[in-house]
Chemist: 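Have a look at the structure that comes next, please.
In what follows, every heavy atom counts, from backbone to side chain, and hydrogens, waters and symmetry copies are set aside. Here is the naming used below: chain letters follow the sequence lines, and residue numbers restart at 1 for every chain.
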2 protein chains.
Amino acid sequence: MRWEDLDRECCSLARTLSVVGDRWTLMVLRECFLGMRRFEEFEARLGIARHVLADRLKKLTEAGVLTKRAYQERPRREEYRLTDKGLDLYPAILALVQWGDRHMAGEAGAPLLRVHKSCGHAMRGVMVCSECNEPIVARDVRVEPGPGAVEGALPAMVRAR
Amino acid sequence: MRWEDLDRECCSLARTLSVVGDRWTLMVLRECFLGMRRFEEFEARLGIARHVLADRLKKLTEAGVLTKRAYQERPRREEYRLTDKGLDLYPAILALVQWGDRHMAGEAGAPLLRVHKSCGHAMRGVMVCSECNEPIVARDVRVEPGPGAVEGALPAMVRAR
DNA sequence: CATATCAGTTCTGAAAAGAAACTTATTGGC
DNA sequence: GCCAATAAGTTTCTTTTCAGAACTGATATG
């Protein structure tokens with residue numbers, strides 16, 4: 001299976017991974033969320049091979065996650081910014097970071113704290129149910145075919161319920 | 001840079017990605033959250049090469065995300081289950097899936113619906129602030145050095161604030 | 001006019017993935 | 001007893017992708 005074909009799969013995770021399901025891509029996005037915008041910033045901070053960085057920035061731009069805009073002419077220099085679609089990835093990246101804070105940090109603790117500007121507190125993100133506002137745990141969620149479901153693509157245990 | 005070294009990086013995202021930052025790994029975890037446990041189930045549903053699957057299951061087990069347990073002796077057959085550490089990845093995977101539902105689904109809509117068993121409603125997960133319970137958007141979060149911070153590892157714009 | 005900056009591209013060897021056959025242990029049918 | 005089937009891998013071989021380093025091109029600076 002080629003990863004480019006994943007965007008035609010009937011699975012939102014596969015479709016998402018066809019865009020961001022790559023280590024370097026996610027690391028580049030982390031830098032974007034920390035305010036980085038320029039090619040050399042990404043390179044210096046990540047230690048990524050330049051052609052891989054160029055490739056990831058191009059793909060993210062084509063996918064509409066980043067936009068490329070000139071920040072100066074003569075010589076023309078471009079920078080990359082998150083689009084609204086890109087900014088929407090924040091919960092996913094925050095969830096991954098928090099899992100690392102919790103399960104992969106040493107005794108020292110989390111390397112970064114996040115402060116919610118609007119309330120002023122150091123915070124964690126908590127996934128809650130849009131309907132009852134209670135925190136979500138995996139065992140409390142059941143899956144059903146949705147409007148975009150394709151026959152045969154669901155696992156037997158989902159169909160059976 | 002080798003990805004195996006990422007777990008020693010001073011960045012929780014890098015540390016997380018050293019464990020789950022691989023397309024196949026995340027697809028395997030999706031199957032785990034859908035209730036799959038056996039080697040052949042993973043293989044049949046994902047179309048993954050067998051030695052790649054064996055490698056990912058081994059790494060996830062070593063990382064403590066899955067546990068291997070025999071579901072029968074003679075012949076001995078093993079299955080893989082999510083540990084608590086693995087179940088903790090649910091918010092991250094849900095966030096990725098929902099991004100796909102929102103930005104990558106066709107006109108047909110999301111392939112799956114998720115039902116919150118405890119309240120009975122079809123739901124989305126919403127990332128809210130642990131302190132004020134308001135939904136989190138990227139622009140509303142500021143980063144500060146945490147207890148596990150390492151000098152020089154923070155971007156200039158974080159140090160400057 | 002040599003050097004520096006920034007955003008890339010090109011080249012080459014190494015690592016990882018894909019496809020398919022092979023292995024091991026055991027049960028069930030003929 | 002022998003053959004096929006099942007499940008969970010392992011091995012082998014080929015193709016693709018990746019990492020590292022050097023090179024390019026437009027412009028500004030000393």
Chemist: Checking B/Pro147 now: which residues fulfil side-chain contact (heavy atoms from CB on, under 4.5 Å) with it, not counting sequence neighbours?
Modeler: A/Leu113
Chemist: How many whole angstroms separate atom CD of B/Glu43 from atom P of C/dA17?
Modeler: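 Rounded to whole Å, this separation is 16 Å.
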Chemist: Please state how far atom CG in B/Asp55 lies from atom C1' in C/dG18, giving the value in whole angstrom units.
Modeler: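 Atom CG in B/Asp55 sits about 14 Å away from atom C1' in C/dG18.
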Chemist: Atom CZ of A/Arg23 and atom P of D/dA19: how far apart are they, to the nearest Å?
Modeler: 10 Å
Chemist: Starting at atom CE of B/Met36, determine the distance to atom C1' of D/dA7, rounded to an integer number of angstrom.
Modeler: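 That distance rounds to 16 Å.
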Chemist: Let me know, please, whether A/His51 or A/Glu40 comes out on the 5' side of the other along DNA chain C by nearest nucleotide.
Modeler: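 Closest to the 5' end, via its nearest nucleotide, is A/Glu40.
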Chemist: Give the rounded distance in Å between these two atoms: OH of B/Tyr71 and P of D/dT6.
Modeler: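 About 13 Å, once rounded to whole Å.
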Chemist: Indicate, yes or no, whether a donor-acceptor pair under 3.5 Å links the base of D/dA8 to the side chain of B/Arg38.
Modeler: no
Chemist: What is the distance, to the nearest angstrom, from the CZ atom on A/Arg56 to the P atom on C/dT9?
Modeler: 14 Å
Chemist: Quick one: does B/Leu46's side chain get under 4.5 Å of B/Arg30's, heavy atoms only?
Modeler: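 Result yes, sub-4.5 Å side-chain heavy-atom pair found.
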Chemist: Does C/dC6 have its OP1 or OP2 closer than 4.0 Å to a side-chain nitrogen or oxygen of A/Tyr80?
Modeler: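 Checking A/Tyr80 against C/dC6: no side-chain N or O falls below 4.0 Å of OP1 or OP2.
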Chemist: Who pairs with B/Glu131 by salt bridge (Lys or Arg N to Asp or Glu O under 4.0 Å), at least two apart in sequence or on another chain?
Modeler: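 Scan of B/Glu131 (salt bridge (Lys or Arg N to Asp or Glu O under 4.0 Å), adjacent residues dropped) gives none.
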Chemist: Both B/Arg50 and A/Arg50 contact DNA chain D. Which one's nearest nucleotide lies toward the 5' end?
Modeler: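 Per heavy-atom nearest nucleotide, the more 5' residue is B/Arg50.
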Chemist: Report the residues that fulfil side-chain hydrogen bond (donor to acceptor under 3.5 Å, both in side chains) with A/Glu41, sequence neighbours left out, ordered by chain and then residue number.
Modeler: none
Chemist: Which of residues 62-70 of chain B sit near DNA chain C, with a heavy atom under 4.0 Å from it?
Modeler: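 None - not one residue of the stretch has a heavy atom sitting under 4.0 Å from the strand.
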Chemist: Does A/Trp24 make a side-chain N or O approach to OP1 or OP2 of D/dC18 shorter than 4.0 Å?
Modeler: no
Chemist: Could you run through nucleotides 24-30 of chain D and give me one letter per nucleotide, 5' to 3': B if any protein heavy atom sits under 4.0 Å from the base, S if only the sugar-phosphate is that close, - if neither?
Modeler: --BSS--
Chemist: Can you list the residues that meet the side-chain hydrogen bond (donor to acceptor under 3.5 Å, both in side chains) rule with A/Arg77, with sequence neighbours excluded?
Modeler: none
Chemist: When the distance from CG of B/Leu57 to P of D/dA7 is rounded to whole Å, what number comes out?
Modeler: 16 Å
Chemist: Given the rule that I, L, V, M, F, W and Y join up when any side-chain heavy atoms are under 4.5 Å apart, are B/Val126 and A/Leu96 in one cluster?
Modeler: no
Chemist: Could you check how far CD of B/Glu78 sits from C1' of C/dT24, rounded to whole Å?
Modeler: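 About 13 Å, once rounded to whole Å.
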